[in-house]
Q: 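This is the structure I have questions about; it appears just below.
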Amino acid sequence: MTDSPSPHPAAVQWYSTSRLQKLTSSDSLGWTNAEVDLAVHGPVPELQYVPYDDHDVISFILDGRLRVQSRIGGVLRHYDAGPSTMFVIPRHTEFASNWDAVWTNVALRLNPGMVIEAAAAIHRGDPKHVEIIPSFFFTDPILHNLGVELSDEMQRANPLGPLYADSLTNRLTLHLLRHFSTGQVVGRLPNSRLTRAQMGKVDEYIHANLD
């Protein structure tokens with residue numbers, strides 16, 4: 001992890017505070033593509049900067065409901081959050097938050113080299129120019145289910161865990177790059193339908209090229 005520019009705390013400081021209790025982590029499991037932490041956060045009445053990280057982080061709430069105030073990009077916003085609420089925090093993202101209740105959280109820190117390789121596999125051009133988009137307080141069933149499975153695998157500490165964890169992390173990273181990056185390859189369909197004239201041209205083309 002890079003040094004934290006003031007006023008951002010280092011990760012060691014973040015986890016050593018009395019308001020946060022780390023329950024378990026993947027540190028001793030030999031995982032190569034992701035680091036996973038399970039922690040309980042106590043209430044924080046005043047805005048606190050999060051650690052400055054050189055990894056892309058996916059975080060989601062496992063338990064608890066809270067009212068959150070966050071300063072992101074200089075803008076102060078308020079959110080209601082609960083189980084399955086997620087955050088995508090790209091490397092070197094700067095933001096501060098405070099909250100009013102106890103909540104249990106899973107944080108996944110992705111191996112930067114693996115993210116670059118995955119971007120190269122699904123995007124044309126220089127994968128280093130593909131950036132993860134900061135996304136806060138949203139739900140995504142696929143990301144959430146993969147994150148929960150990684151958390152469960154961490155707690156099981158299965159001997160085959162590293163191989164399974166790599167497989168899950170690869171799926172999660174591909175979904176992240178497809179839907180939450182500047183190089184998205186899956187776009188939203190337009191709400192409007194084709195006009196009658198456009199449909200006529202499509203129909204003509206199909207019949208003219210049936211062979």
Side-chain angles (χ1 to χ4, degrees), residues 1-27 34-112 115-116 128-140 143-144 146-148 150-151 154 169 172-173 175-177 179-182 184:
M1 179 177 293
T2 56
D3 293 336
S4 300
S6 180
H8 293 265
V12 173
Q13 296 171 314
W14 180 259
Y15 281 112
S16 65
T17 59
S18 59
R19 60 171 174 74
L20 187 151
Q21 179 186 4
K22 184 187 289 190
L23 301 179
T24 187
S25 76
S26 65
D27 292 348
E35 301 172 13
V36 182
D37 291 322
L38 175 64
V40 175
H41 298 253
V44 172
E46 298 181 355
L47 283 173
Q48 299 280 342
Y49 280 92
V50 302
Y52 194 74
D53 205 317
D54 56 4
H55 295 69
D56 298 310
V57 178
I58 300 173
S59 181
F60 62 92
I61 298 174
L62 273 182
D63 185 53
R65 294 192 176 277
L66 55 153
R67 180 69 172 168
V68 184
Q69 178 179 243
S70 291
R71 186 182 301 280
I72 305 167
V75 179
L76 192 63
R77 295 184 173 91
H78 295 83
Y79 305 91
D80 292 312
S84 79
T85 299
M86 303 196 70
F87 323 88
V88 172
I89 309 169
R91 65 196 72 170
H92 304 164
T93 296
E94 297 193 19
F95 73 100
S97 291
N98 67 304
W99 49 88
D100 64 354
V102 176
W103 53 294
T104 303
N105 180 71
V106 174
L108 297 82
R109 301 173 67 241
L110 302 177
N111 182 319
V115 174
I116 291 173
K128 294 181 181 180
H129 293 162
V130 176
E131 298 181 354
I132 304 298
I133 299 172
S135 303
F136 296 86
F137 302 96
F138 69 97
T139 58
D140 184 299
L143 277 183
H144 181 260
L146 290 170
V148 169
L150 276 167
S151 177
M154 172 185 64
T169 304
L172 182 147
T173 302
H175 182 81
L176 186 71
L177 289 169
H179 297 276
F180 297 89
S181 80
T182 56
Q184 296 179 45

Q: Just how far is it from atom CG of Leu62 to atom OG of Ser84, taken to the nearest 0.5 Å?
A: 10.0 Å

Q: Kindly say whether Glu131 contributes a backbone atom to a donor-acceptor pair with the side chain of Thr182 at under 3.5 angstrom?
A: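 Yes, because the side chain of Thr182 sits within donor-acceptor range (under 3.5 Å) of the backbone of Glu131.
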
Q: Could you check, using the six-membered ring where one of them is a Trp, whether Phe137 and Phe87 have ring centers closer than 6.0 angstrom?
A: yes

Q: Side chains of Phe95 and Ile89, heavy atoms from C-beta outward: is any pair under 4.5 Å?
A: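 Side-chain contact under 4.5 Å: yes.
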
Q: Strictly distance-based, threshold 3.5 Å: is any side-chain N or O of Asp56 a donor or acceptor partner for the main-chain N or O of Arg91?
A: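 Yes; at least one donor-acceptor contact below 3.5 Å.
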
Q: Looking only at side-chain N and O atoms, does Asn98 offer a donor or acceptor that is under 3.5 Å from a partner on Gln69?
A: yes

Q: Can you find a heavy atom in the side chain of Val148 that is under 4.5 Å from one in the side chain of Phe60?
A: yes

Q: Between NE2 of His179 and CD1 of Ile132, what distance do you get to the nearest 0.5 Å?
A: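 Result: 12.0 Å between the selected atoms.
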
Q: Does a side-chain heavy-atom distance below 4.5 Å link Asp37 with Val106?
A: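 No. Closest side-chain heavy atoms not under 4.5 Å.
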
Q: Between atom CG of Asp53 and atom CZ of Arg109, what is the distance when rounded to the nearest 0.5 Å?
A: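 Nearest 0.5 Å value for the CG-CZ distance: 4.0 Å.
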
Q: Are side-chain heavy atoms of Thr173 and Leu110 found at a separation under 4.5 Å?
A: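 Side chain of Thr173 against side chain of Leu110, heavy atoms only: contact under 4.5 Å found.
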
Q: Does a side chain donor of either Asp140 or His175 reach within less than 3.5 Å of an acceptor in the other side chain?
A: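 Short answer, yes.
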
Q: Going through the distances and angles, do Ile61 and Leu66 end up as a side chain to side chain contact (heavy atoms under 4.5 Å, CB included)?
A: CA-CA 10 Å; Ile61 298 174; Leu66 55 153; 3.9 Å; yes

Q: Shortest non-hydrogen contact from Val36 to Met154?
A: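 Heavy-atom minimum between the residues: O-SD, 3.3 Å.
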
Q: Quick check for you: to the nearest 0.5 Å, what is the distance between Ser26 atom OG and Leu108 atom CG?
A: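 Atom-to-atom, Ser26:OG and Leu108:CG are 8.5 Å apart.
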
Q: Could you measure the distance from the CG atom of Asn105 to the CE atom of Met86? Nearest 0.5 Å is fine.
A: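 Reported value, rounded in 0.5 Å steps: 10.0 Å.
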
Q: When rounded to the nearest 0.5 angstrom, what distance separates CZ in Arg71 from CD in Gln48?
A: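 Going from the CZ atom of Arg71 to the CD atom of Gln48 covers 13.0 Å.
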
Q: With a 4.5 Å limit on heavy-atom distance, are the side chains of Leu143 and Phe180 in contact?
A: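 Contact flag for Leu143/Phe180 side chains = yes.
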
Q: Report yes or no: does Trp103 contribute a side-chain atom to a donor-acceptor pair with the main-chain N or O of Pro43 at less than 3.5 Å?
A: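 Judged by distance alone, no pair lies under 3.5 Å.
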
Q: Are the side chains of His92 and Asp54 in touch, meaning some heavy atoms are under 4.5 Å apart?
A: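 Touching, per the 4.5 Å side-chain cut-off.
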
